[in-house]
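Read through the structure below, which is laid out as structure tokens, and then see the notes.
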Amino acid sequence: MRASQLFFPTLREVPRDAELISHQLLIRGGFVRNVAAGIYSYLPLGWKVHEKISQIVREEANAFGGQEVHMPVLVPKELLDETGRSKVPVLFALKDKNQREFFLGFTHEEVVTDIVRNTISSWKQLPLYLYQIQTKERDEPRPRGGLIRGREFTMYDGYSFDSNEEALETIYRENYRAYGRIFKRCGLEYLAVEADPGAIGGSENHEFMVLTESGEDTVLRCGNCDYAANAERAEIIASAEVVAIGGKAESSVVSTPGAHTVDEVAAFLKVSAEVIIKTIICVADGKPIAGLIRGDRELNLPKFVRVIGAKEVELADAETVKKVTSAPVGFAGPVGLNIPIYVDNELRGSAYVVGANEADAHRIDVQPIADFAVTAWGDIRTAVAGDACIRCGSGVLQDARGIEVGHIFKLGTKYSKDMSALFQDEQGAKHPIIMGCYGLGVSRTMASAIEAHHDENGIRWPITIAPFEVGIIVANAKDESQREYADTLYRSLKALGVDVLLDDRDERIGVKFKDFDLIGVPIQVVIGKGLAGGTLELALRRVKGEKESIAVEGAAETLAKRVCDEKALLDS
Ligand code: ATP
Ligand code: MG
């Protein structure tokens, strides 16, 4: 491509409202343009990167026997009714002219299961793995960070169909390994972590995280063994049995005017947050319940759901809190509370401070069981750095920030049962097909690569997904010999299969350097004064400030080899 013909409207200014560096650089480099909140158009450079990532994904999926399909964006409501997912909050809903209801596809388990149930009947037709790379639509409550969390985005979604658990295990591991290769080939350091299955359901599942400071997720890793989990999911070792009650002071109510938050109460009573209990009123399947955790901890709703065995748990609204506790929000406590009370495993001590269920008051010297009935103990708080590792028991968890770029699930028979996708075994008995699903955010991976690889001048794309592999800069566009040689080199590189950009624009050299750095061209060659003496200048975008000189003689071959070497670095 010649830069004089390339549509890449770069900007010098940092766009307003773009907080994340990937968002800023995607706009500034002319990769994407915003259309509406969380919705973007890809310009030529952006689409090129997108397609390079897609191609890597495709190659790795094909390598383990995946077959590419393409399902529609419009999904009839009835299909999602079959699994109960027509109520998922992020769905975009619409009607056709005959008032038939549709959703915009947010993931395609139901659509693919519908195809399979109508075509597969025997164990002989399994295993099957279908995948697509397609636009997904989700009305995310908080679209953010450009391509990191869009309302329209591209996902690779793969679906496996098997007749037995061992086959599911095999394809799950294939995907796990393929995901690792994909992220490695995209130049991304990743960590596979145990994760919460969320709305999708199923048993085993892993998230693939790109570790960067700007990540939304917290991951916890054991310093001693290879345990790694999303903090939302990480389990916590239950503390010792409840301590003896003997000699405990009677609990009493003290006045705490104006102290609502844990910090305010701690300051007022001159105690640490560790002896304060937060009583969190929730609604589980329509009924109020309380979850008790230490003042400096967070209630973990997915864990809470599992401990109480409910379908759904949400935080109660202010109305409900007032009704249940007869007090304003901020003063709920377990003593005298007439609803089921679930207590975090950690709260085995005595002399806690709790809300008094009246305005501006707290109760001190409170002990679980002695002062209020415990419906059940459980692991209901979110794990944090410093907790002991559940796997090895001796290691301590350390935290890091990550961006979730992929998520793979063993679904089991959840969808095939709901949708009657059955196969006959060798004896002719019918069983639900055993499924897995595998998601990878193509557009999010693109943005994550920038989060992981950039500097103050712009993007440092890993060469495998860069919009161009080599960029040629003509130092002085008015110099006939430089222009002519650049053209020859450009054509030779193209003949060698190198993806090359020739900056033939009539611009100052400084402008060209700035643009190449901004859009992240990995190998940059300058044709300048050295040409007469038989040399060119070469700089690598990933290495700062270093320039080397290469011979004009065989320059195209030298550069083509450098492209291979740079790619090999990512594969090693
Ligand atoms: P998140 O927790 O970030 O919302 P999710 O659990 O909803 O993600 P999945 O439904 O498992 O994600 O989707 C598979 C992959 O699609 C994710 O791992 C992520 O890479 C990508 N993805 C999901 N939602 C978005 C989004 N709004 N914008 C861009 N990519 C997304
Ligand atoms: Mg989501």
Side-chain angles (χ1 to χ4, degrees), residues 20 22-23 26 32 34-40 42 46 50 53-54 57 61 80 83 85 88-92 103-112 131-159 175-176 178-180 182-183 186 188 190-202 204-212 214-219 229-233 301-302 401-411 415 435-452:
L20 287 188
S22 60
H23 187 187
L26 283 168
V32 302
N34 184 240
V35 178
I39 302 175
Y40 292 84
Y42 289 80
H50 183 280
I53 298 172
S54 299
V57 173
L80 298 199
T83 60
R85 287 211 297 181
V88 168
V90 294
L91 285 170
F92 278 105
F103 294 119
L104 299 181
F106 74 125
T107 171
H108 279 73
E109 282 78 10
E110 287 84 355
V111 180
V112 76
Y131 77 86
Q132 64 175 345
I133 295 172
Q134 194 231 24
T135 302
K136 294 285 188 273
E137 313 279 348
R138 294 184 186 180
D139 200 356
E140 296 276 359
R142 278 175 300 278
R144 89 169 194 131
L147 299 188
I148 292 280
R149 182 174 298 283
R151 293 198 297 165
E152 175 168 301
F153 59 98
T154 320
M155 200 207 282
Y156 158 90
D157 44 327
Y159 305 90
N175 274 268
Y176 188 104
Y179 272 53
I182 290 166
F183 296 123
C186 290
L188 291 170
Y190 70 94
L191 183 69
V193 303
E194 292 180 14
D196 191 81
I200 290 247
E204 192 177 355
N205 76 99
H206 285 92
E207 282 172 347
F208 286 76
M209 296 283 185
V210 169
L211 301 181
T212 84
S214 59
E216 264 185 344
D217 286 275
T218 304
V219 297
N230 192 314
E232 281 176 2
R233 169 71 184 191
L301 282 179
R401 312 286 307 163
I403 303 173
E404 177 203 320
V405 281
H407 201 167
I408 62 176
F409 299 85
K410 283 187 181 175
L411 289 175
Y415 290 85
M435 291 173 55
C437 75
Y438 314 86
L440 187 154
V442 173
S443 44
R444 188 181 281 182
T445 297
M446 178 167 164
S448 306
I450 301 176
E451 292 294 331

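Throughout, numbering of the chain's residues begins at 1 and tracks the sequence. Counting starts at 1 for both ligands and their atoms, in listed order.
Interatomic distance, OG1 of T445 versus OH of Y156, reported as 12.5 Å (0.5 Å rounding).
In this model, a donor atom of one side chain and an acceptor atom of the other lie less than 3.5 Å apart for E451 and S214.
Relative to atom 17 (C) of ligand 1, the option among R138, E404, H407, M209 with the closest non-hydrogen atom is E404. Residue M155 holds the heavy atom nearest to atom 16 (O) of ligand 1 of all those in E232, E137, R444, M155.
Using a 4.0 Å heavy-atom cutoff, I148 is listed among the residues neighbouring ligand 1.
An N or O contact shorter than 3.5 Å is missing between G439 and ligand 1 by distance. By the 3.5 Å distance cut-off applied to N or O atoms, V405 is counted among the residues near ligand 1.
Near E140, meaning under 4.0 Å from one of its heavy atoms, ligand 1 places the atoms 24 (N), 26 (C), 27 (N).
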Worked verdict on T218 versus R401 for side-chain hydrogen bond (donor to acceptor under 3.5 Å, both in side chains): CA-CA 5 Å; T218 304; R401 312 286 307 163; 2.7 Å; yes

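Checked against the 6.0 Å centroid threshold, F208 and Y176 count as a close aromatic pair.
The pair E204-K410 counts as a salt bridge, with a side-chain nitrogen and a carboxylate oxygen less than 4.0 angstrom apart.
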